[in-house]
Peer 1: 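Below is one structure. I have some questions about it.
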Number of protein chains: 2
Amino acid sequence: MNQDGIDLETSLGYLLKEASSVLRAAMEEVLRPLGMSVTHYSCLELLAQRPGLSNSELARGAFVTRQSMNVLLQTLEREGYVTRPAEAPVGKVLPTRLTPSGRRSLEKATVAVRSVEVRMLAGMTEVEQSGAFRSLRSMIHSLRDGNGGTNGNGGA
Amino acid sequence: MNQDGIDLETSLGYLLKEASSVLRAAMEEVLRPLGMSVTHYSCLELLAQRPGLSNSELARGAFVTRQSMNVLLQTLEREGYVTRPAEAPVGKVLPTRLTPSGRRSLEKATVAVRSVEVRMLAGMTEVEQSGAFRSLRSMIHSLRDGNGGTNGNGGA
DNA sequence: CAACCTATGTCAGAATGCTGACATGAATCA
DNA sequence: TGATTCATGTCAGCATTCTGACATAGGTTG
């Protein structure tokens, strides 16, 4: 049965997709009452940790295209959660920052998202969690650089 | 810096999203020359392993809505990769099956996808892989059932 | 048998994200 | 200096997926 095909029951790729799907659904569920989507939240969280990120950098961090992030930023700016200078201080890059309103909004979202993450990790030991962390980093590295995954992460 | 916020650098949830994103991109890259999307491929692979699946079942297996899967199935049917009876043999369920053409198309895709999965797992030992497998199953279980993740998977 | 509940297939509308393309600013290099 | 290369922000059009809603089939329960 597995001779010509990828057994979805034992495929790590399929399982990865499933996990990501379930996680996204769980996050959307807790963020919906706050009127926030996952990408929306990701953007705010990125800005909280790295103020002044450009549109393109935010897009990469949230795993969407520049174009998609741009429309989101326009909305967030219009609603007063973020600010961007009208003119680029240098080059074309418009550094984005959270407003106090955006920061307040993020705080609630963080609580909700953290609860999901806690629930996801329940039942896993610290060792299992760090093992999963290293495995995921290895997969990402192998897929990105194409080479045979030298496991090139210096450890947690 | 991590007092009020989720440190994206150490968050398993963020890493999961990143891994899934990279995996999807890698799959799309190898499937594009075959004129196939990831959902497209997932659908065919599901049908190969479980012939006669209904539209709704395929949707759940590919992690999309019934509606999305339905439009995909209409396309696949029109292009001759799958067949569905004009009338439901029982109830409303229309069991879908691969045509020989669909099976040939899937074979090429499977080779491409397998190469991606092999690349992703390069650099990981068998032990690491089975560990990652169990971790992902645990996360899925914990998020789905809401309870504290009793790690209720009977092993590989 | 009748009422209820669930699941399925389907239609319509809207949101979201992506691809393609363009002009601009900065860095690199001959 | 001038040409080239690259990254950025942005516009337009398109594809994909989702949400909401409806009718129908089947099982369940009184």
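Order of the sequence lines sets the chain letters (A, B, ...), proteins ahead of strands, with each chain counted from 1. We use all heavy atoms of the structure for the numbers below, so side chains are in, but hydrogens, waters and symmetry mates are not.
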Peer 1: Are Val22(A) and Leu31(A) joined in one hydrophobic group, where the rule is that I, L, V, M, F, W and Y side chains link up if heavy atoms are under 4.5 Å apart?
Peer 2: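 Yes, same cluster.
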Peer 1: Tell me if a side-chain donor or acceptor on Glu28(B) pairs with a main-chain N or O of Ser37(B) at a distance below 3.5 Å.
Peer 2: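 Not at all, since once roles are kept as given, no pair shorter than 3.5 Å links the two residues.
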Peer 1: Would you please confirm or rule out a distance under 4.0 Å between OP1 or OP2 of dT19(C) and any side-chain N or O of Thr65(A)?
Peer 2: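 Looking at the OP1 and OP2 atoms of dT19(C), neither is under 4.0 Å from any side-chain N or O of Thr65(A).
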Peer 1: Where do Ala122(B) and Ser138(A) come nearest, in terms of heavy atoms and distance?
Peer 2: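 That closest heavy-atom pairing would be O-OG, 4.3 Å.
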Peer 1: Find the distance Glu29(B):CD to dT19(C):C1' and express it as a whole number of Å.
Peer 2: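 Atom-to-atom, Glu29(B) to dT19(C), this comes out as 16 Å.
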Peer 1: What integer distance in Å separates Leu58(B):CG from dA7(C):C1'?
Peer 2: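 After rounding, the gap between these two atoms is 15 Å.
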Peer 1: To the nearest Å, how far apart are Gln74(A) CD and dG17(C) P?
Peer 2: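 Between P of dG17(C) and CD of Gln74(A): 14 Å.
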Peer 1: If only side-chain N and O atoms of Thr39(A) are considered, is one of them under 4.0 Å from the OP1 or OP2 phosphate oxygen of dG17(C)?
Peer 2: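 Yes, such a contact exists.
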Peer 1: Could you check how far CE of Met69(A) sits from C1' of dT8(D), rounded to whole Å?
Peer 2: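 After rounding, the reported distance stands at 15 Å.
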Peer 1: Below 4.0 angstrom from OP1 or OP2 of dT16(D), is there any side-chain N or O of Ser37(B)?
Peer 2: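 It does not, given that no N or O in the side chain of Ser37(B) lies less than 4.0 Å from OP1 or OP2 of dT16(D).
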Peer 1: Separation of Arg66(B) atom CZ from dT19(D) atom C1', in whole Å?
Peer 2: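 Whole-Å distance recorded here is 11 Å.
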Peer 1: Under a 3.5 Å distance rule, please check whether Thr99(A) uses its side chain to pair with a backbone N or O of Gly80(A) as donor and acceptor.
Peer 2: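 Checking the backbone N and O of Gly80(A) against the side chain of Thr99(A), a donor-acceptor pair under 3.5 Å is found.
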Peer 1: Closest nucleotide of DNA chain D for Asn55(A) versus for Glu28(A): which of these residues is on the 5' side?
Peer 2: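 Per heavy-atom nearest nucleotide, the more 5' residue is Asn55(A).
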Peer 1: Give one of base, sugar-phosphate or nothing for Leu72(B), where a contact means two heavy atoms less than 4.0 Å apart.
Peer 2: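 Contact class for Leu72(B): none.
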Peer 1: Across the strands shown, which category fits Arg32(A) at heavy-atom distances under 4.0 angstrom: base, sugar-phosphate, nothing?
Peer 2: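 Contact class for Arg32(A): none.
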Peer 1: Write down the distance between NZ (Lys92(A)) and P (dC22(C)), rounded to a whole number of angstrom.
Peer 2: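 Rounding to the nearest Å, NZ of Lys92(A) and P of dC22(C) are 14 Å apart.
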Peer 1: What distance separates Leu58(A) CG from Cys43(A) SG, expressed to the nearest 0.5 Å?
Peer 2: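 That separation rounds to 5.0 Å.
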Peer 1: Could you tell me the separation between the CZ atom of Phe63(B) and the P atom of dC18(D), rounded to a whole number of Å?
Peer 2: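 Spelled out: CZ on Phe63(B) to P on dC18(D) is 12 Å.
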Peer 1: Would you mind reading off the distance between Gln67(A) atom CD and dT8(D) atom P, rounded to a whole angstrom?
Peer 2: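 Going from Gln67(A) (CD) to dT8(D) (P), I get 12 Å.
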Peer 1: If you compare every side-chain N and O of Arg60(A) against the phosphate oxygens of dT8(D) (OP1, OP2), does one of them come in below 4.0 Å?
Peer 2: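 Result: yes.
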Peer 1: Below 4.0 angstrom from OP1 or OP2 of dT16(D), is there any side-chain N or O of Ser68(B)?
Peer 2: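 The answer is no; no side-chain N or O of Ser68(B) sits under 4.0 Å from OP1 or OP2.
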Peer 1: Quick one: is Asn70(B) getting a side-chain N or O under 4.0 Å of the dG9(C) phosphate, OP1 or OP2?
Peer 2: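 Answer no for this pair, as no side-chain N or O of Asn70(B) is under 4.0 Å from OP1 or OP2.
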